Amino acid sequence: MTALDGLTPAWWSSGQCNTGDGALVPVFFPAQGKARGYHRARAICAECPVSAECLDHALDVEADGGGRHGFIGGLTPDEREQHARSVGR
């Protein structure tokens with residue numbers, strides 16, 4: 001059992017980013033100004049079976065005031081902002 005049990009969506013355990021040990025966190029949430037690491041995150045998301053669910057979840061959280069941080073659902077924060085506007089979210 002982890003601190004996130006019951007707080008994460010059911011599909012999250014199927015994500016390619018979910019290694020169970022947090023090893024990939026720096027890839028998806030690099031230090032301020034270090035977004036060059038997003039190329040690895042983009043490659044991981046491209047192979048992920050739940051990237052659409054992840055993006056939808058990120059857009060919901062961000063629409064509720066959660067802020068845009070990290071590479072989530074296959075997109076950077078700026079790309080998610082553009083996508084949200086294009087789909088009316």
Side-chain angles (χ1 to χ4, degrees):
M1 183 170 266
T2 71
L4 295 178
D5 288 344
L7 299 177
T8 57
W11 52 261
W12 190 75
S13 63
S14 300
Q16 294 292 316
C17 62
N18 183 7
T19 60
D21 62 2
L24 291 177
V25 169
V27 172
F28 292 88
F29 296 91
Q32 191 73 16
K34 304 279 185 186
R36 63 185 166 92
Y38 283 153
H39 69 280
R40 183 168 175 215
R42 195 175 300 278
I44 293 167
C45 286
E47 300 294 322
C48 184
V50 295
S51 62
E53 291 90 339
C54 186
L55 176 58
D56 192 50
H57 179 73
L59 295 175
D60 286 345
V61 168
E62 292 165 357
D64 287 340
R68 284 192 176 82
H69 307 286
F71 192 93
I72 306 172
L75 301 176
T76 67
D78 290 341
E79 291 168 342
R80 285 195 310 280
E81 183 175 4
Q82 292 171 1
H83 178 73
R85 274 193 248 131
S86 74
V87 297
R89 290 181 84 170

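Given the structure is predicted, the values throughout are model-derived calculations rather than measurements.
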Engineer: Are W12 and N18 side-chain neighbours, meaning at least one heavy-atom pair lies under 4.5 Å?
Structural biologist: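 The answer is yes, as the side chains (C-beta and beyond) meet within the 4.5 Å cut-off.
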
Engineer: Does a side-chain heavy-atom distance below 4.5 Å link I72 with L55?
Structural biologist: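 No. Closest side-chain heavy atoms not under 4.5 Å.
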
Engineer: Taking all heavy atoms of V50 and all of G15, pick out the closest pair and write down the distance.
Structural biologist: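 Minimum heavy-atom contact is CG2-CA, 3.6 Å.
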
Engineer: If you look at every heavy atom in R42 and G74, which pair is closest and at what distance?
Structural biologist: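 So the minimum-distance heavy-atom pair works out to NH1-O, 3.5 Å.
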
Engineer: Any non-hydrogen side-chain atom of I44 less than 4.5 Å from a side-chain atom of F28?
Structural biologist: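 I44 reaches F28 side chain to side chain.
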
Engineer: Can you tell me how far the CG atom of L24 sits from the CD atom of Q16, to the nearest 0.5 Å?
Structural biologist: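 One finds 9.5 Å between CG of L24 and CD of Q16.
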
Engineer: Taking side chain as C-beta onward, heavy atoms only, is T76 less than 4.5 Å from E79?
Structural biologist: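 Yes, their side chains come closer than 4.5 Å.
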
Engineer: Between W11 and C54, is there a side-chain heavy-atom distance shorter than 4.5 Å?
Structural biologist: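 Yes, side chains in contact.
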
Engineer: With sequence neighbours excluded, tell me which residues meet salt bridge (charged side-chain N to carboxylate O under 4.0 Å, His left out) with E62.
Structural biologist: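 E62: salt bridge (charged side-chain N to carboxylate O under 4.0 Å, His left out) contacts with R68, R80.
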
Engineer: Kindly indicate whether the side chain of Y38, heavy atoms from C-beta on, has any atom under 4.5 Å from the side chain of C45.
Structural biologist: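 When only atoms from C-beta onward are counted, C45 and Y38 do not touch, as no gap falls below 4.5 Å.
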
Engineer: Could you grab the distance from atom SG of C48 to atom CD of E53, nearest 0.5 Å is fine?
Structural biologist: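 Those atoms lie 8.0 Å apart.
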
Engineer: What I want to check is whether the side chains of T19 and D21 have a donor and an acceptor closer together than 3.5 Å.
Structural biologist: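 Present: a donor and an acceptor within the cut-off.
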
Engineer: How far does CG of D56 sit from OG of S51, to the nearest 0.5 angstrom?
Structural biologist: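 Here the rounded value is 11.5 Å.
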
Engineer: Quick check: is F29 connected to F71 through a chain of hydrophobic side chains (ILVMFWY, heavy atoms under 4.5 Å apart)?
Structural biologist: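 Same cluster: F71 reaches F29 through Ile, Leu, Val, Met, Phe, Trp or Tyr contacts under 4.5 Å.
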
